[in-house]
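First comes the structure, then the notes that go with it.
Reminder, nothing fancy here: chain letters follow the sequence lines and each chain counts from 1.
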2 protein chains.
Amino acid sequence: MLSIGELSKRTKVKVPTIRYYEEMGLLAEAERTSGNQRRYDKAGLERLSFIRHARDLGFSIEAISSLIELQDHPDRSCEAATNIATSQLEEVRAKIKRLRTLEKELSRISKGCDGEGVSEDCYVLASLADHNLCDIEH
Amino acid sequence: MLSIGELSKRTKVKVPTIRYYEEMGLLAEAERTSGNQRRYDKAGLERLSFIRHARDLGFSIEAISSLIELQDHPDRSCEAATNIATSQLEEVRAKIKRLRTLEKELSRISKGCDGEGVSEDCYVLASLADHNLCDIEH
DNA sequence: GTAATGTCTCTAGTGACTAGAGGTACAAGA
DNA sequence: TCTTGTACCTCTAGTCACTAGAGACATTAC
């Protein structure tokens with residue numbers, strides 16, 4: 001049985017975050033010692049690893065809740081899991097697209113000014129003040 | 001002179017957000033009518049447009065504060081502005097990089113399961129449970 | 001037995017807003 | 001001039017996914 005600190009080290013999830021996940025219902029309430037401290041078994045470790053991995057991939061707590069629901073019912077169709085993963089993928093792609101636009105614009109703005117002048121003539125500030133100076137819609 | 005609602009329409013910044021920016025010190029405290037309602041002039045409109053544009057480009061409130069400081073002191077070197085823009089660009093690039101990794105991984109996971117089986121055999125769930133099934137470090 | 005470290009609960013803070021309650025001001029039409 | 005409807009005011013609390021800190025108790029190593 002692992003203490004919360006040991007579990008934290010193994011999963012690289014911080015101690016308060018583990019407690020937070022328990023509060024949010026992602027982790028089952030842990031067993032306790034006579035002194036009221038949490039103890040975790042292999043199942044707890046695996047579930048936390050699952051959560052951590054899903055969070056790393058950007059899934060929301062809510063999405064992870066749904067995925068765990070499915071995990072706990074191995075007989076259910078996995079369509080829902082695939083849907084969640086697909087919509088997460090779409091979100092990621094949309095974010096990338098938007099960030100690429102920002103990147104272009106920022107790089108153009110940054111290049112426009114060498115930082116050697118005075119702020120009155122700064123192209124960075126001028127660009128931010130006047131959207132018409134932008135090449136791209138954003 | 002514009003009411004807060006008119007300013008909101010022109011800049012596409014929501015009314016409570018305008019009040020929030022004032023509270024955060026991004027916008028100067030607006031003039032008031034005898035009945036205590038905010039009124040804005042051209043300078044207010046321009047400043048809010050600046051803020052909105054910078055927020056659209058992902059600058060934090062804090063970064064925008066610094067940029068406004070510079071705007072208000074046209075004699076200062078614009079090096080700081082260029083630095084802020086450059087570091088924002090770097091952040092955007094780092095985010096894109098990370099999201100691309102996620103995209104690859106999610107797309108691989110999604111493709112691995114057609115959603116037609118039962119969750120016990122779902123590749124999406126298996127992948128999330130076991131990081132070793134991942135191709136890429138993330 | 002004692003000291004150091006770990007753990008407990010609870011509250012509050014983060015960033016950038018958003019929502020809602022309860023009350024007041026303003027503009028347009030009768 | 002009065003009324004009605006909309007806009008506006010302040011204030012508090014909620015969002016997401018944690019993070020920080022206080023003050024008290026438990027465990028472990030020596």
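- Under 4.0 Å is where a charged nitrogen must lie from a carboxylate oxygen, and between A:E23 and A:R19 no such pair does.
- Remark: C1' of D:dC18 and CD of A:E23 are 11 Å apart, rounded to the nearest angstrom.
- Terminal axes of the helix from C:dG1-D:dC30 to C:dA30-D:dT1 (five pairs each, C1' rotation axis) are separated by 10°, to the nearest 10°.
- Atom CD in B:E6 sits about 7 Å away from atom P in D:dC8, given to the nearest Å.
- Of the listed nucleotides (C:dA16, C:dT7, D:dC9), D:dC9 has the atom at the smallest distance from the side chain of B:I4.
- Using a 4.0 Å cut-off between a side-chain N of Lys or Arg and a carboxylate O of Asp or Glu, A:D72 and A:R47 qualify as a salt bridge.
- Across all strands shown, B:Y21 has heavy atoms under 4.0 Å from sugar-phosphate atoms exclusively, and none from any base.
- The listed nucleotides are D:dT10, C:dC8, C:dC17; the one nearest the side chain of B:R38 is D:dT10.
- For the pair B:E69 and B:R76, the salt-bridge criterion is met [side-chain N within less than 4.0 Å of a carboxylate O].
- For the pair A:S34 and D:dA26, the criterion of a side-chain N or O lying under 4.0 Å from OP1 or OP2 is not met.
- Taking the side chain of B:N36 as heavy atoms from C-beta on, and the options D:dT10, C:dC17, D:dC18, the nearest nucleotide is D:dT10.
- A:R19 comes within 4.0 angstrom of a nucleotide base, judged by non-hydrogen atoms across all strands.
- The distance between atom CD1 of A:I61 and atom P of D:dT15, rounded to the nearest whole Å, is 14 Å.
- Note on A:R38 versus A:E22: salt bridge recorded, some NZ/NE/NH1/NH2 to OD/OE distance being below 4.0 Å.
- The interatomic distance linking B:R39 (CZ) with C:dA25 (P) rounds to 13 Å, in whole Å.
- Within the structure, every side-chain polar atom (N or O) of A:R32 is placed at least 4.0 Å from both OP1 and OP2 of D:dT27.
- Rounded to a whole Å, the CE atom of A:M1 is 13 Å from the P atom of D:dT28.
- Note that the NZ atom of A:K95 and the CD1 atom of B:I96 stand 13.0 Å from one another [nearest 0.5 Å].
- Here C:dC8 presents its P atom at 9 Å from CD1 of A:I18, a figure rounded to the nearest Å.
- Both B:Q37 and A:S60 lie near DNA chain D, and the one whose nearest nucleotide falls closer to the 5' end is B:Q37.
- Minimum interatomic distance between A:D56 and B:L102 (heavy atoms only, all atoms of both residues): O-CD2, 3.5 Å.
- Ion pairing of B:E105 with B:R108 is present here, as a side-chain N (NZ or NE/NH1/NH2) and a carboxylate O approach within less than 4.0 Å.
- Across the protein-nucleic acid pair, B:Y20 atom OH and D:dT10 atom P stand 17 Å apart, rounded to whole Å.
- Side-chain proximity of A:P16 to the nucleotides C:dC17, D:dT19, D:dC8 is greatest for D:dT19.
- Here B:K14 reaches the OP1 or OP2 of C:dT18: one of its side-chain N or O atoms lies under 4.0 Å away.
- The side chain of B:T33 approaches C:dC26 more closely than any other nucleotide in the set C:dC26, C:dC8, D:dC9.
- Mapped onto DNA chain C by nearest heavy atom, B:G35 and B:E62 fall at different nucleotides, with B:E62 at the one closer to the 5' end.
- When rounded to the nearest whole Å, the span between CG of A:L7 and C1' of C:dT7 equals 14 Å.
- Across all non-hydrogen atoms, the minimal contact from B:L106 to A:A85 is CD2-O, 4.4 Å.
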